[in-house]
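What follows is one structure encoded as structure tokens, with my remarks underneath.
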Amino acid sequence: MGRGLGTSDDEKWRLNLSRVAIALAMASSLGAWGCDSEKRTVDATAPVTAPTGRSDPRLPAYADNKFQQSQGGLYFTWYGCGQCHSQSAQRPQNFSTANFRYGGDIPFLYQSIADGRAGGMPAYKDRVPAQQIWQMASYVKSLPKTNQYLRRREDLDQKGQPTGTTWSGAVR
Amino acid sequence: MTAETDLRARGLADRRRRLLAAWADAPGLWGFLTTVDHKRLAARYIVTTMAMLFAAGMLGVDMRLQLAAPDMHRMGPQGYDESFSLHGSTMLFLVSVPVMEAMAMWLVPLMLGQRNMAFPRLNAFSYWMYLEGVLMLWIPHALGFTPDLGWFEYPPLSGPAYAPGHRADVWAQMITFTEVAALCVSVNVVVTIFTMRPPGMTLGRMPLFLWGMLVASFMTVFGLPAVMVVTSMLIADREVATHFFSPSGGGDVLLFQHLYWFFGHPEVYIIFVPGVAFVSSIVETFSRRVVFGYVPMVVAVLAIGVLAFGLWVHHMFAVGLPKMGADFYTAASMAIALPIGVQIFCWIATMFRGRLQLKTPMLWVIGFIVTFVIGGMTGVMTASAPLDLQLTDTYFVVAHLHYVLVGGAIFPLLGAFTYWYPKATGRMMSEVWGRISWALVVVGFNLTFFPMHLLGLMGMPRRIYTYPAEMGWGPLNLLSTVSALITVVGAGIFVLNALLSYWRGRLAGANPWGGSTLEWATPSPPPPYNFDYIPTVDSVAPLWTRDELHALEGLSLDSREVLVTTLVDAKPDNRQKSPKPSLWPLLTALAVGVMFVGSIFSPWPIVWGSVPVAATIVGWFWPTRPRAQRGPLRART
Ligand code: HEM
Ligand SMILES: [Cu+2]
């Protein structure tokens, strides 16, 4: 990812300039409409360590952000998580409802992914960089709130992606 | 004798007073919100599009600054993606198409000697819908989420899996707003031209300008529904998990591209054909003779209108369609150069055979011909499938599209702006500053975009935010950026000239250029009722064939009435009541806006949102006239 997805300070300043001008003219009517979920800033703060707990300052940027969730979804596919945690999986492995046995917040989910859990869940911390685990945790956290049909639709769009150790080639 | 003229003058003053009472808007804000005057609405449209042109132009310059030298990091990839997406979408959907619609809205009734268009309230509704489309794109930008997938957003990139959040929805719904707006004006223009021509203006005596606007409006009516459908399908895929564009679910991603370009290619001509219409008017006036070859000109514009719908696949040569299809679309794309060639030859013949006056509008036409011919030639090159496989997604395409869009539409537009400015404001723009801005813009433009052809041939891809120095693209990019700044200076002078002339320009009088069509027969600026008398016509250039126009009497002076004539011969047919100002178009647009905006967050606003829409439409059409006393619908007691 590197500098890739980031927004430099200079750029922020210029984008802000144009935004401020327009915002003044138009957005007064909109009041406070939070758009944090739409943000696409990362990297400068790309985490290299696990969350420290529920008050980790890095949490808000991952908790409800659509971009991070979507990135996490892609890694979820690539690392083959869907092989056990598909939409049709049995209860504890199925994430369609919010009954996570070990807690449904990012710090707990992170721990589950990084260190594994009893009963067959492997540990990924040696294979997957921290930021991607953050993103997958964010994705998993969003799943109970995701409409089941939409999740299926997203999975279908990703059908041509490699999953785990297999890749069957482009969809034809 | 004096007594008689005195009597006449008093009669005229009385007539004007009564017409004004019937047609004037309420003063102040209420009048602003309720007006159905085509001139006011069109002027509003034009001012909004110009503000958008400025904003998107600044984004263009911003991108040029970013590309001026290799390895620049004042913008990151995300910022650059947002910039070209906002630039391209704004330029096409919020500037080019609507500004042409607006010019038609302003000019068509005047050129027909009419007091308003066929559906005045639809014009008002159209403007408000357009304005909501502007806000739909730019408020999210102000709030920090800008669409970032370019001006055409192909799935699966724009589908639910790869375009998280609402950025793609914002883009798609902005299109719905603007296309509803454009459809309203187009239907209006078609009906107005078909049923409200002045007595004597048979189809064969219609000014070429009106032919152009007629064809462009028909193209809008046939082309725009495709894009509204396809963006709605995209929203449905993203929101309620339909499978239109999901191959693994039985859908087809190419369906999106086909539907998009079935609109997208004609769109270029929806922008260009009105440009052609301006050029015909300007060439005629400044050559002081009617345009050479009326029949070939009309046939050519009709041919463009038809052929334009058979070319769209040339935007998809690189997706791997069967060879046979590619050959067909290559041939069809080259065929459209013929009618355009006919037009260009007719204009040149007109200039050659007439007495050419090189006033500023005419200079813009010359800038148009030169630039557009270059754009047309690169068009023939990219239309050839094998060559396009090399050129697609390089700067060659960026150069080509700016040559045709700016050369083919913006230059004629600036010429038209200068040409009709005195009619709209009563004052002339400065010739000297007009020439200076013309020279700076035309030269600056060519120096900005010509190098991009070479960059494209050197392999520079489009939509990249920076490039390494070793590629050797630096010098040409720097030239391009510096020239873009020259263009901006020229454009700035143009805007200042327009602003200052509004107060300080020389008074124009009714017909400063000696034009031949009816809009020049009424004072500048035209009064709310446009014409004292409804003129009749006996040629394509009525003001050149008679010293005094003949007029038709019989329309009410004390209420809003317009004349309806027959389709082919323009024989007077009946008198039609023309609607009064009303707040309902605005309320309806607001109700539709709530429904459209809501529907990108959840499907339910389409259900409950239709209630206010229905209510406002009922209010709009609530009958205000007493029941008829005769005929099948008479009131029975
Ligand atoms: C001040 C004049 C202008 C400048 C400096 C300018 C510059 C640019 C630049 C730098 C790009 C991005 C190229 C890339 O990275 O691929 C671009 C794209 C584009 N421009 Fe312009 N432009 C100008 C005026 C216009 C006008 C007047 C129109 C249309 C009427 C227009 C339509 C477009 C479109 C459709 C794109 C493609 C966007 C996309 O890739 O999705 N531009 N322009
Ligand atoms: Cu095309």
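Note on naming: letters A, B, ... go to the chains in the order of the sequence lines (proteins, then strands), and numbering restarts at 1 for each one. Bear in mind the structure is a predicted one, so any value in this text is a computation, not a measurement.
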Counting heavy-atom pairs under 4.5 Å with chain A, which one of Arg167(B), Met58(B), His243(B) comes out on top? Arg167(B)
Between the main-chain N or O of [Y] and the side-chain N or O of [X], is there a donor-acceptor pair closer than 3.5 Å?
| X | Y | result |
| --- | --- | --- |
| Glu38(A) | His166(B) | yes |
| Arg153(A) | Pro160(B) | no |
| Ser248(B) | Leu156(A) | yes |

Part of Asp237(B) within contact of chain A (heavy atom distance under 4.5 Å):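 Interface part for Asp237(B): both.
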Using non-hydrogen atoms only, which part of Arg238(B) is less than 4.5 Å away from chain A: side chain, backbone, both, or neither?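 Just its backbone gets close to chain A.
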Closest approach of Leu74(A) to Tyr162(B) (non-hydrogen atoms, all atoms of both residues):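 Closest approach of Leu74(A) to Tyr162(B): CD1-CE2, 3.9 Å.
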Nearest heavy-atom pair of Ala161(B) and Ser70(A): which atoms, and what distance?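 Between these two residues, the closest heavy atoms are O-OG, 3.7 Å.
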Answer with side chain, backbone, both or neither: which region of Arg152(A) has an atom nearer than 4.5 Å to a non-hydrogen atom of chain B? side chain
Check whether Gln161(A) gets within reach of chain B through its side chain, its backbone, both or neither, counting any heavy atom under 4.5 Å.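 When you check distances to chain B, only side chain atoms of Gln161(A) fall under 4.5 Å.
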With a cut-off of 6.0 Å (strictly less than), are more than 12 heavy atoms of other residues, nucleotides or ligands near [atom1] of [X]?
| X | atom1 | answer |
| --- | --- | --- |
| Arg463(B) | CZ | yes |
| Phe100(A) | CZ | yes |
| Lys125(A) | NZ | yes |
| Lys145(A) | NZ | yes |
| Tyr102(A) | OH | yes |
| Arg54(A) | CZ | no |

Which distance, rounded to the nearest 0.5 Å, do you find between the OG of Ser246(B) and the CD of Gln158(A)?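 Answer for the OG-CD pair, Ser246(B) versus Gln158(A), is 11.5 Å.
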